[in-house]
Amino acid sequence: MKAQNPQSLKVGLLGIGTVGSGVFTVLARNQDEIVRRTGRGIEISMVADLDTARASAVVGRSAQVVNDARAVIANPDIDVVIELIGGYGIAKALVLEAIAAGKHVVTANKALLAVHGDEIFAAAAKARNGAGVMVLFEAAVAGGIPIIKTLREGLTANRIQWVAGIINGTTNFILSEMRDKGLDFATALKEAQALGYAEADPTFDIEGVDAAHKVTLMSAMAFGIPVQFDKAYVEGITKLGAQDIKYAEALGYRIKLLGIAKRVNHEGGAGIELRVHPTLIPTKRLIANVEGAMNAVMVQGDAVGTTLYYGKGAGSEPTASAVVADLVDIARMSGSALQATPVLAFQPGSVQAAPILPIGQVVTSFYLRMRVSDEAGVLAKVTSILGGADISIDALIQHEARDGESQTDLIILTHDCIEATLDKALQQVEALSSVLGSVVKIRKEELA
Ligand code: HSE
């Protein structure tokens, strides 16, 4: 990639896998358009990858290829380092070294920022003798959807009330397959792996950790709070039964893995709810109809109302689209990082601590499924326990037992209640001799 003019932004790329190649391709293909927008060229002049042959095959002779990331950081000509290595280990050391060397950083690494973000952003603010460097991360959340820029700039007039998103494509693909084809979780996961959606080790995706990293970053940007991944409630989709997807559907709901960040002041407490879990959403909501590996994020602000952003959450060029947008922002900067739009949307000095409510203090409504003996009075006993705890019932299904069976499923939708109150009532329900085994509990959100 040739420099467009002497003031081209000089970029060093650490890790040229799927996303790195996409960045290279998009910059090369759209460079004229990008220069018209930016006013200067953006040149990837150095690439570090352990697999130098693979890197050279992508970049040809247009950039210097090295196998040592520190050679990129040490190069005084490099203005920006793009970190696409991933993980908390070497990536953290390299990002901090790049910042200490006065380089701006662009990263897609949500795990790193969700866990070590406060340390990294603090280091960035002190770099260059207090003038600061930028650490931008549009690609870290929902891939190609510009949700970070939306929270940082587009919605800046609003007091944001909540953010809720399908922010993991692998799990959304699995849930779509479970619903469409009636597959169980294990079979749908194998299919996702065969099609290349899920990683060989899909733990972070299916256990909700990847989504929790992303919603943690969005919570910091939406509310001006520190990045607190360790306080997030994280529950994946591995225990979700195919029958719950069917029952939810019959009741007018679809089950999605949602990342939710909500500012609340309710009977459970005041603070922030930060949680990832399978969630029933009314089928009539647009977001309930986001299928396959696609992502979507809803943001509710007091002025704008409810908004929805949809697109590809992963993949080479969609993610590159986000990385290049961050490069353009840096290329356009006229003053120091201190004078630029604050990377976390709020001025660093205005970040305020707010308690993240433990899951027991969360207020929401629930789907409950229990296996019961098909005998007189069971329903009355269960509803009386819930009523005694002041938990109001919204809807209920009880099928007749199949021929020859003496048990059936009882499905209940509750109205909003404090989760700990429900859990206490469910202990009593589970102690009933006519309730067999434990009660399945899935949270429900109206997203109205
Ligand atoms: N593994 C992620 C997903 C993509 O399935 O959405 C990268 O964040």
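Only heavy atoms go into these numbers, but all of them, side chains included; no hydrogens, no water, no symmetry mates. Every number for a ligand or one of its atoms is a count from 1 in the order of the listing.
Using a 4.5 Å cut-off on side-chain heavy atoms (C-beta onward), Asp79 and Ile330 make no contact.
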Would you mind writing out the side-chain donor-acceptor pairs for residues 130-147 within the sub-3.5 Å range, not counting sequence neighbours?
{"unit_1": "Glu138", "atom_1": "OE1", "unit_2": "Lys149", "atom_2": "N", "d": "2.9"}
{"unit_1": "Glu138", "atom_1": "OE2", "unit_2": "Ile147", "atom_2": "N", "d": "3.1"}
{"unit_1": "Glu138", "atom_1": "OE2", "unit_2": "Ile148", "atom_2": "N", "d": "3.0"}

Ligand 1: which protein N/O atoms lie under 3.5 Å from its N/O atoms?
{"unit_1": "ligand 1", "atom_1": "1 (N)", "unit_2": "Asp205", "atom_2": "OD1", "d": "2.9"}
{"unit_1": "ligand 1", "atom_1": "5 (O)", "unit_2": "Asn168", "atom_2": "ND2", "d": "3.4"}
{"unit_1": "ligand 1", "atom_1": "5 (O)", "unit_2": "Gly169", "atom_2": "N", "d": "3.4"}
{"unit_1": "ligand 1", "atom_1": "5 (O)", "unit_2": "Thr170", "atom_2": "N", "d": "3.0"}
{"unit_1": "ligand 1", "atom_1": "5 (O)", "unit_2": "Thr170", "atom_2": "OG1", "d": "2.6"}
{"unit_1": "ligand 1", "atom_1": "6 (O)", "unit_2": "Gly169", "atom_2": "N", "d": "2.7"}
{"unit_1": "ligand 1", "atom_1": "8 (O)", "unit_2": "Lys110", "atom_2": "NZ", "d": "2.8"}
{"unit_1": "ligand 1", "atom_1": "8 (O)", "unit_2": "Lys214", "atom_2": "NZ", "d": "2.8"}

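Only one option out of Arg285, Arg275, Arg254 pairs with Glu445 in a salt bridge (charged side-chain N to carboxylate O under 4.0 Å, His left out); it is Arg275.
In this structure, Gln31 CD and Thr38 OG1 are separated by 11.5 Å, a value rounded to the nearest 0.5 Å.
Met298 pairs by the side-chain contact (heavy atoms from CB on, under 4.5 Å) definition with Trp162, Ile287, Thr306, Leu308, Leu447, not counting sequence neighbours. Residues satisfying the side-chain contact (heavy atoms from CB on, under 4.5 Å) test with Glu419, not counting sequence neighbours, are Ile359, Phe366, Asp423, Lys441, Arg443.
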